[in-house]
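Taking it in order: structure first as structure tokens, then the write-up.
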Amino acid sequence: MAGSVIASGLEMPEEVVLNVPLVSIRGRESVTIENYKRLLGFSSEEAEILTKIGRLSVKGEGLYLEYMRKDVIKIKGRITGVCIK
């Protein structure tokens, strides 16, 4: 709650202040994860990403990393599922 109040007071996005992941899914073709900690594993069928709130699993076919930066990662391919464990 305090983070939400700070975020609104500073007019900053809550995910930035609280450092929680922001997951954007674009149809079945891409997933972008902001505020991740690290990439735990990657194959053409599954990516596992560690976040502050748990492990995020992206499943699909023909997956590949479009880009991976310090705070954002984008996975493309045919996305069949996204799950937080």
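Side-chain atoms of V31 and I73, non-hydrogen and from C-beta on, never get closer than 4.5 Å to each other. For the pair V82/L56, a side-chain contact is recorded, criterion being any heavy-atom separation below 4.5 Å from C-beta on. In this structure, I75 and L65 have side chains that are in contact, with non-hydrogen atoms separated by less than 4.5 Å.
Both I49 and F42 are assigned to one and the same hydrophobic cluster, defined by single-linkage of ILVMFWY side chains at heavy-atom distances under 4.5 Å. Linking ILVMFWY residues whenever their side-chain heavy atoms come closer than 4.5 Å, directly or via other members, places V23 and I53 in the same cluster.
With a 6.0 Å radius and a threshold of 12 heavy atoms from other residues, nucleotides or ligands, E45 has its CD atom at or below the threshold.
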* Step-by-step side-chain contact (heavy atoms from CB on, under 4.5 Å) determination, I79 to L63 -> CA-CA 8 Å; I79 309 300; L63 299 180; 3.7 Å; yes

* To do: Begin from the C-alpha positions of T32 and V72 and carry the test side-chain contact (heavy atoms from CB on, under 4.5 Å) through to its verdict.
  => CA-CA 7 Å; T32 305; V72 63; 3.5 Å; yes

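When all heavy atoms of Y36 and M68 are compared, the pair lying nearest together is OH-CG, 3.3 Å. When all heavy atoms of P21 and I33 are compared, the closest pair comes out as CB-CG2, 4.5 Å.
Residues passing the salt bridge (charged side-chain N to carboxylate O under 4.0 Å, His left out) test with E66 are K74, K76, sequence neighbours excluded.
Sequence neighbours left out, the pairs with a member in residues 52-65 that pass salt bridge (Lys or Arg N to Asp or Glu O under 4.0 Å) are E48-R55.
The OG1 atom of T51 sits 9.5 Å away from the CG atom of L40 when rounded to the nearest 0.5 Å.
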